[in-house]
Colleague: 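This is the structure I want to talk about, given as structure tokens.
Heavy atoms only: backbone and side chains are in, while hydrogens, waters and symmetry mates are out. Count residues from 1 along the sequence.
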Amino acid sequence: MATMCGRFAADLDWGTLGLEFEAQVSPGLPQPSWNFRPTQSIALVAQDAHGVRHLAPAQWSLIPAWSSTDKLGYPTFNARIETILGKRTWEQSARAARALIPMTGYYETSADGHPWYFFPKRRDPLLVAGLYSWWHGRLTCTILTRDALGAPAQVHGRMPVLVDHGMAADWIAPETSGDDIIPEITQRSAVLSEHLRQHEVRPIRGDGPRLIETFAPSPPATARHHGITAGGTEDGDVTLF
């Protein structure tokens, strides 16, 4: 099983991205991949309490600082943005440890089992809203999702929360109130998702740019596949992939 969003591509120039965000670029950033999966090391942009921005590698599976173990009983690859301020796993990060997950594009699987690739019309990277947490010196993170609307909803019932480049600085600033910016980001992400392009792709196996190539299209999915919560806790999105 994998989460929604449970696969994505990132073929980006980290140096250029670091300059764009005026961020310190940490060593160990991942190599380009068209099949990033939960628990792997991915890149995020975040800002520390001193106002310094960082482009750093993080484990894609958030472990809250209070946890006594890194083996939680529920998946933490994704979190529903609608409930992050009210769930213990996410609350601390939602208020002061928000991040951006840069992507080239992401995949979703329809109810009839067909994977689709979503990507921007231009080459600009997608900025996806995330949260981060330090656990015993390990940087971990999650990707935020919301109800799907428009064309993405024809494939899946949930979609990643996209962040407008103009709102990115406010999103990652620790001093920004989570209560204020989370509803704003949620609303704005729906508009951004309307401008994405999408096409069907082959089953997501292995790696390489061939994974995002257009596959012979199938009729659009007529039913939404809503994620179920594994373990019944903390509102993570889980779906067969």
Side-chain angles (χ1 to χ4, degrees), residues 1-8 10 23 26 28-30 33 35-49 53-103 106-108 126-147 158-163 168 171-174 176-179 181-182 185-186 189 227-239 241:
M1 299 184 77
T3 62
M4 180 275 125
C5 160
R7 296 286 192 276
F8 72 86
S26 300
L29 288 166
S33 174
N35 190 11
F36 279 106
R37 292 162 290 182
T39 74
Q40 287 187 322
S41 177
I42 63 175
L44 62 73
V45 178
Q47 182 174 312
D48 63 28
R53 295 175 184 172
H54 301 267
L55 174 58
Q59 174 188 300
W60 183 13
S61 184
L62 187 142
I63 307 171
W66 50 258
S67 179
S68 62
T69 176
D70 61 351
K71 305 297 183 183
L72 300 176
Y74 49 90
T76 58
F77 318 131
N78 295 151
R80 293 173 177 253
I81 197 168
E82 299 93 337
T83 58
I84 54 175
L85 288 171
K87 299 292 183 178
R88 188 182 180 208
T89 300
W90 322 115
E91 182 180 9
Q92 183 176 352
S93 296
R95 297 196 182 280
R98 298 178 298 270
L100 299 166
I101 313 297
M103 302 179 181
Y106 67 90
Y107 305 96
E108 297 295 358
L126 290 178
L127 300 179
V128 176
L131 307 176
Y132 72 90
S133 174
W134 286 98
W135 188 83
H136 292 254
R138 188 195 311 178
L139 183 59
T140 69
C141 67
T142 190
I143 288 174
L144 300 181
T145 71
R146 57 153 295 150
D147 283 338
R158 303 287 293 178
M159 64 185 182
V161 177
L162 303 184
V163 178
W171 174 253
I172 63 175
T176 301
S177 167
D179 296 278
I181 198 166
I182 287 170
I185 285 288
T186 304
S189 70
I228 59 172
T229 303
T233 59
E234 296 308 282
D235 289 349
D237 290 321
V238 184
T239 182
F241 195 90

Colleague: If you define the side chain from C-beta out and look only at heavy atoms, does anything of L162 sit under 4.5 Å from V128?
Modeller: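 When only atoms from C-beta onward are counted, V128 and L162 do touch, with a gap below 4.5 Å.
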
Colleague: Just by distance, do the side chain of T142 and the backbone of F77 share a donor-acceptor pair under 3.5 Å?
Modeller: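 Answer holds: yes.
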
Colleague: Output yes when a side-chain donor or acceptor of R98 lies under 3.5 Å from a complementary backbone atom of W171, and no otherwise.
Modeller: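 It does hold such a pair.
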
Colleague: Could you measure the distance from the OH atom of Y106 to the CG atom of L126? Nearest 0.5 Å is fine.
Modeller: 7.5 Å

Colleague: Ignoring hydrogens and geometry, is there a side-chain-to-backbone donor-acceptor pair from R146 to E82 under 3.5 Å?
Modeller: no

Colleague: Between L85 and A94, what is the shortest heavy-atom contact and its length?
Modeller: CD2-CB, 3.8 Å

Colleague: So S67 and H136, do their side chains get closer than 4.5 Å, heavy atoms only?
Modeller: no

Colleague: Can you tell me how far OG1 of T186 sits from CD1 of I181, rounded to the nearest 0.5 angstrom?
Modeller: 10.0 Å

Colleague: Is the closest side-chain heavy-atom distance between V45 and H54 below 4.5 Å?
Modeller: no

Colleague: I'd like to know if the side chain of W135 and the backbone of T140 have a donor-acceptor N/O pair within less than 3.5 Å.
Modeller: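 No; judged by distance alone, with no hydrogens or angles, the pair does not exist.
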
Colleague: Are the side chains of L72 and P64 in touch, meaning some heavy atoms are under 4.5 Å apart?
Modeller: yes

Colleague: Does any part of the side chain of W60, heavy atoms only, come nearer than 4.5 Å to the side chain of I101, both counted from C-beta?
Modeller: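 Of all side-chain heavy-atom pairs linking W60 with I101, none is under 4.5 Å.
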
Colleague: Could you tell me if the side chain of R95 sits less than 4.5 Å from the side chain of P174, heavy atoms only?
Modeller: no

Colleague: So, the side chain of T76 versus the backbone of L62: is there a donor-acceptor pair under 3.5 Å, distance only?
Modeller: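 Yes, the answer is positive, given that a donor and an acceptor are paired below the 3.5 Å cut-off.
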
Colleague: Evaluate the side-chain proximity of I185 to L144: yes if any heavy-atom separation is below 4.5 Å, no if none is.
Modeller: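 When only atoms from C-beta onward are counted, I185 and L144 do not touch, as no gap falls below 4.5 Å.
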
Colleague: Can you run down the salt bridge (charged side-chain N to carboxylate O under 4.0 Å, His left out) pairs that involve residues 127-139, sequence neighbours left out, and say none if there aren't any?
Modeller: D70-R138

